[in-house]
*Asks:* 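Sharing a structure with you now.
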4 protein chains.
Amino acid sequence: MSESTKQRLFEATLELATSRGLAGLTVDEIAAAAGVAKGTVYYNFGSKDGLIDALLRYGVGQLADRLRAARDDREPVEGLESLVDTGLEFIAGHRGFSQILVSEMWRTPGQWQDTLSLLREEILSIVREQLRRVADAGRLPDDVEISTAAAGLFGTLLVVALDWQAFQPQRSRADVRESIMVLLRGLTR
Amino acid sequence: MSESTKQRLFEATLELATSRGLAGLTVDEIAAAAGVAKGTVYYNFGSKDGLIDALLRYGVGQLADRLRAARDDREPVEGLESLVDTGLEFIAGHRGFSQILVSEMWRTPGQWQDTLSLLREEILSIVREQLRRVADAGRLPDDVEISTAAAGLFGTLLVVALDWQAFQPQRSRADVRESIMVLLRGLTR
Amino acid sequence: MSESTKQRLFEATLELATSRGLAGLTVDEIAAAAGVAKGTVYYNFGSKDGLIDALLRYGVGQLADRLRAARDDREPVEGLESLVDTGLEFIAGHRGFSQILVSEMWRTPGQWQDTLSLLREEILSIVREQLRRVADAGRLPDDVEISTAAAGLFGTLLVVALDWQAFQPQRSRADVRESIMVLLRGLTR
Amino acid sequence: MSESTKQRLFEATLELATSRGLAGLTVDEIAAAAGVAKGTVYYNFGSKDGLIDALLRYGVGQLADRLRAARDDREPVEGLESLVDTGLEFIAGHRGFSQILVSEMWRTPGQWQDTLSLLREEILSIVREQLRRVADAGRLPDDVEISTAAAGLFGTLLVVALDWQAFQPQRSRADVRESIMVLLRGLTR
DNA sequence: CATGAATGAGAATTCATTCAT
DNA sequence: AATGAATGAATTCTCATTCAT
């Protein structure tokens with residue numbers, strides 16, 4: 001079934017990209033790691049970029065789903081913390097994918113820039129919405145611009161989580177979450 | 001003189017990388033932009049990777065120098081803000097360089113991982129030192145661990161600055177600095 | 001079919017090497033002569049060295065096949081002469097190949113030393129076996145050690161044949177064969 | 001003094017060529033191994049080929065001197081054996097140089113073919129002269145052509161000696177000499 | 001006499017893509 | 001739906017040679 005082939009290609013690409021970055025991957029490697037012939041990549045995705053593009057959409061889709069599920073009708077600030085926690089959990093559990101995001105997200109004309117802009121927007125809109133609730137509850141200082149704060153929060157979350165994994169793996173997730181919360185609480189007072 | 005050749009190559013590479021990203025550059029282009037023959041790159045750096053490696057050290061050296069110069073005997077929190085501002089200025093002025101930093105810094109084994117670990121440490125030690133002063137002045141909450149905060153601050157700065165350049169170029173630098181300061185002020189209360 | 005591509009590359013390489021030597025060939029030339037794209041060489045052999053390595057095995061295989069075919073149930077000394085004649089014929093017909101054999105065979109660590117040691121052994125075992133028959137027929141002096149004689153005979157054959165081709169091309173093959181036979185007859189008395 | 005520089009370059013080249021062959025050497029390596037700057041090679045020899053050329057002449061000159069010294073007014077066949085023994089001794093003592101000779105001597109258009117033809121002739125004339133004496137003493141069969149035999153003897157000597165060094169280093173020089181003598185005695189009866 | 005930084009033509013190698021099966 | 005041999009443009013890298021000091 002085609003779905004399993006695509007899935008296998010996604011997983012192999014993720015696995016390889018974790019250590020070598022997206023740009024450094026060859027279609028040969030990906031196909032070999034997925035246990036399919038090279039032509040199969042082209043049959044299923046049309047091109048290398050097509051595969052990467054699909055992979056990015058797939059991964060971000062998963063992240064967005066989780067984030068959306070994490071929001072609830074609780075108190076706004078708690079909801080924000082829940083968002084952060086969910087984000088941290090996802091990143092820790094999908095390190096390879098997250099590394100790809102940081103690696104490619106801010107690369108200027110980067111090959112996947114268009115897709116990434118779209119995906120970034122999808123995530124940010126979720127964060128912005130939650131920040132908006134916090135603001136509506138009067139818990140955000142007036143001089144904080146929501147879209148800026150959302151972008152900053154997303155980037156910080158990504159980077160802090162990866163730094164944790166790469167350079168301070170002995171820290172617990174709760175510990176890392178708390179570091180970010182300290183910042184957020186400062187912000188939301 | 002060899003130093004000037006290396007210097008010219010660094011500058012040409014940085015220049016090109018700012019608009020096109022480091023990964024996509026060819027040695028031909030770099031040499032042409034620097035006004036030297038292609039062989040000269042290999043004579044001086046051994047390989048394309050050798051050039052990038054040297055460039056990373058050079059760039060981080062520059063950043064560290066600026067950061068060190070930004071610290072002064074003023075009030076600790078102001079000193080911290082000065083550090084942030086200097087960092088922002090540097091990143092905005094060396095976009096290509098900063099992009100490679102984010103792209104490679106958190107890649108697991110990564111080609112330049114060894115170099116980057118060293119360089120990360122060089123920057124972090126400066127940030128840590130300043131945070132220490134802030135703490136000594138009693139301006140940091142007790143539950144904030146300095147080395148964690150330093151790593152988070154560095155990553156956040158990098159990412160927020162790049163996000164600004166890539167997705168919100170119309171914002172002013174002062175504006176962006178203020179976004180980060182809001183966070184810091186929350187932290188340092 | 002892949003076999004025919006490899007075959008074509010072997011033949012083209014051998015052809016070119018006969019007039020220009022193996023070391024001086026470029027992959028471009030070889031591919032052009034074989035009527036395939038340059039990438040095909042890399043697809044099939046991985047590298048220029050890989051091609052040469054495979055070619056050595058292929059060539060020695062051919063030589064060994066011919067030598068084995070040349071042995072028959074005739075009188076032992078005649079069989080030995082037949083071996084020599086076959087060897088001469090092969091070398092004369094594959095000059096480029098033989099040159100690389102002499103060039104590389106006795107080079108201390110040499111790029112293809114491992115391959116060549118194996119190949120040398122394959123040829124020598126055939127020669128040894130024939131010398132053994134001569135000895136069993138009581139036609140070899142007692143003080144001649146077979147493995148030493150085999151190695152000497154192989155080397156001599158190679159060198160004499162190449163010397164003929166390079167410096168005395170006007171001599172006939174029969175003439176050259178006779179020169180070696182004179183030595184062998186002295187030996188087998 | 002220039003002589004010592006040339007000498008150092010000869011020795012370094014010989015040393016390197018022993019394991020890697022002449023063609024694979026770079027001027028950089030040679031200069032580094034000799035402890036001089038690259039320009040010095042060009043100052044002294046004009047080109048890489050000039051260095052190799054001079055080296056070949058130098059080495060063969062040494063060999064020719066020894067061979068000439070080995071001939072004496074003794075009985076012709078003994079003189080021939082003395083020639084062989086001296087040749088063996090030289091080769092064993094100058095393995096690197098000898099490997100170069102075998103590697104390059106029969107390479108068809110080889111870059112140093114002209115020089116090598118001359119040098120080959122220098123050695124062969126010595127061998128031919130001695131064989132002539134043997135013939136004059138009535139110790140050579142009528143069907144042996146002297147110049148052919150000389151070429152064969154030279155090649156065989158070279159190859160057998162190298163085979164000894166590379167593949168059967170445990171044998172004594174006397175042992176190896178005896179192997180060749182067996183052939184020669186058969187020839188000279 | 002000697003140096004070594006710089007050169008650039010030439011060679012090896014990579015890799016996304018195509019296409020006949 | 002999948003394959004994998006073949007391609008060739010693009011790139012990296014090599015190295016003999018030059019030349020100003």
Side-chain angles (χ1 to χ4, degrees), chain A residues 1-6 23-32 34-52 111, chain B residues 1-6 8-9 24-32 34-51, chain C residues 1-6 8-9 24-32 34-51, chain D residues 1-6 23-32 35-52:
Chain A
M1 194 244 286
S2 176
E3 257 345 277
S4 86
T5 297
K6 286 187 176 176
L25 294 186
T26 69
V27 177
D28 274 276
E29 285 175 308
I30 295 171
V36 302
K38 181 156 46 165
T40 302
V41 174
Y42 288 86
Y43 181 78
N44 280 283
F45 297 102
S47 70
K48 184 188 173 184
D49 272 16
L51 164 62
I52 307 274
Q111 293 171 278
Chain B
M1 196 243 289
S2 176
E3 263 339 284
S4 86
T5 297
K6 286 186 175 172
R8 284 227 303 285
L9 279 166
L25 297 184
T26 68
V27 176
D28 277 275
E29 284 175 306
I30 295 171
V36 300
K38 181 163 37 170
T40 301
V41 174
Y42 289 89
Y43 180 76
N44 280 283
F45 298 104
S47 70
K48 186 187 175 184
D49 270 17
L51 166 62
Chain C
M1 195 245 288
S2 176
E3 263 338 285
S4 86
T5 297
K6 286 186 175 172
R8 284 227 302 286
L9 279 167
L25 297 183
T26 69
V27 175
D28 276 274
E29 285 175 305
I30 294 171
V36 300
K38 181 160 41 168
T40 302
V41 174
Y42 290 88
Y43 180 77
N44 281 283
F45 298 102
S47 70
K48 187 187 174 185
D49 271 17
L51 166 61
Chain D
M1 196 244 286
S2 175
E3 256 346 275
S4 86
T5 297
K6 286 187 176 175
L25 295 185
T26 69
V27 176
D28 275 277
E29 287 175 305
I30 294 171
V36 301
K38 181 154 47 163
T40 302
V41 173
Y42 289 85
Y43 181 79
N44 281 282
F45 296 102
S47 71
K48 184 189 173 186
D49 271 17
L51 164 62
I52 307 273

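Quick caveat, the model's predicted, so the values are computed rather than measured. Residue numbering restarts at 1 for every chain, and letters A, B, ... go by the order of the sequence lines. The basis for the numbers below is simple: all heavy atoms, side chains too, and nothing from hydrogens, waters or symmetry mates.
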*Asks:* Working to the nearest 0.5 angstrom, can you tell me the gap between B:Lys38 NZ and B:Glu29 CD?
*Replies:* 11.5 Å
*Asks:* Both B:Thr40 and C:Gly24 contact DNA chain E. Taking the nearest nucleotide for each, which residue is further toward the 5' end?
*Replies:* B:Thr40
*Asks:* Provide, to the nearest angstrom, the distance between the CZ atom belonging to B:Arg8 and the C1' atom belonging to E:dT7.
*Replies:* 13 Å
*Asks:* From CD1 of D:Ile30 over to P of F:dT17, roughly how many Å is that when rounded to an integer?
*Replies:* 11 Å
*Asks:* Can you tell me which nucleotide in F:dT12, F:dT7, E:dA6 comes closest to the side chain of C:Ala37?
*Replies:* F:dT7
*Asks:* Can you check the distance between E:dC1 and F:dT21, where both ends of the measurement are the P atom (answer in whole Å)?
*Replies:* 22 Å
*Asks:* Ignoring backbone atoms, test whether A:Asn44 places a side-chain nitrogen or oxygen under 4.0 Å from the OP1 or OP2 oxygen of F:dA1.
*Replies:* no
*Asks:* Pick out which of B:Thr26, B:Ile30, B:Leu25 makes a side-chain contact (heavy atoms from CB on, under 4.5 Å) with B:Asp28.
*Replies:*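 Result for side-chain contact (heavy atoms from CB on, under 4.5 Å) with B:Asp28: B:Thr26.
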*Asks:* Round to a whole Å and report the spacing from CG of B:Leu51 to P of F:dT11.
*Replies:* 16 Å
*Asks:* Using atom NZ of A:Lys48 as one end and atom P of E:dT18 as the other, report the distance to the nearest whole Å.
*Replies:*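 Atom-to-atom, A:Lys48 to E:dT18, this comes out as 15 Å.
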*Asks:* Rounded to the nearest angstrom, tell me the gap between atom CD in C:Glu29 and atom C1' in E:dA11.
*Replies:* 11 Å
*Asks:* Between CG of B:Leu51 and NZ of B:Lys6, what distance do you get to the nearest 0.5 Å?
*Replies:* 10.5 Å
*Asks:* Side chain of C:Thr26 only, heavy atoms from C-beta on: which candidate in E:dA2, E:dA12, E:dA16 is closest?
*Replies:* E:dA12
*Asks:* Take the protein atom CD1 of D:Ile52 and the nucleotide atom C1' of F:dC15, then report the distance between them rounded to whole Å.
*Replies:*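 So the two atoms are 14 Å apart, to the nearest Å.
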*Asks:* Mind listing the closest non-hydrogen atom pair of B:Ala31 and B:Leu9 along with its distance?
*Replies:*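 Result for this residue pair: CA-CD2, 4.5 Å.
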*Asks:* Of all the choices, E:dT7, F:dA16, E:dA2, which nucleotide is nearest to the side chain of D:Tyr42 once you look at every atom?
*Replies:* F:dA16
*Asks:* Taking the side chain of C:Ser47 as its heavy atoms from C-beta onward, which of E:dT17, E:dT13, E:dT3 lies nearest to it?
*Replies:*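 Closest nucleotide to the C:Ser47 side chain: E:dT13.
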*Asks:* For B:Lys38 and E:dT7, what is the distance between atoms NZ and P respectively, to the nearest whole Å?
*Replies:*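 It works out to 13 Å between those atoms.
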*Asks:* Which base, if any, makes a Watson-Crick or G-U wobble pair with F:dA20, both distances under 3.5 Å?
*Replies:* E:dT3
*Asks:* Side chain of B:Asp28: nearest nucleotide among F:dT12, F:dA2, E:dC15?
*Replies:* F:dT12
*Asks:* Check whether any side-chain heavy atom of D:Thr5 lies under 4.5 Å from a side-chain heavy atom of D:Tyr43, and answer yes or no.
*Replies:* no
*Asks:* Taking any strand in view, what nucleotide pairs with E:dC15 in a Watson-Crick or G-U wobble way, both distances under 3.5 Å?
*Replies:*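 Pairing partner: F:dG8.
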*Asks:* Could you identify the nucleotide paired to E:dA9, looking across every strand shown and requiring Watson-Crick or G-U wobble geometry with both distances under 3.5 Å?
*Replies:* F:dT14
*Asks:* Does A:Leu25 reach a base, just sugar-phosphate, or nothing at all? Heavy atoms under 4.0 Å.
*Replies:* sugar-phosphate
*Asks:* Quick one: is F:dA1 close enough that its OP1 or OP2 comes under 4.0 Å of any side-chain N or O from A:Thr5?
*Replies:*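 No, because none of the side-chain N or O atoms of A:Thr5 sits under 4.0 Å from OP1 or OP2 of F:dA1.
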*Asks:* For F:dA2, does either OP1 or OP2 sit under 4.0 Å from a side-chain N or O belonging to A:Tyr43?
*Replies:* no
*Asks:* Map B:Gly39 and C:Val36 onto DNA chain F by nearest heavy atom, then report which one ends up closer to the 5' terminus.
*Replies:* C:Val36
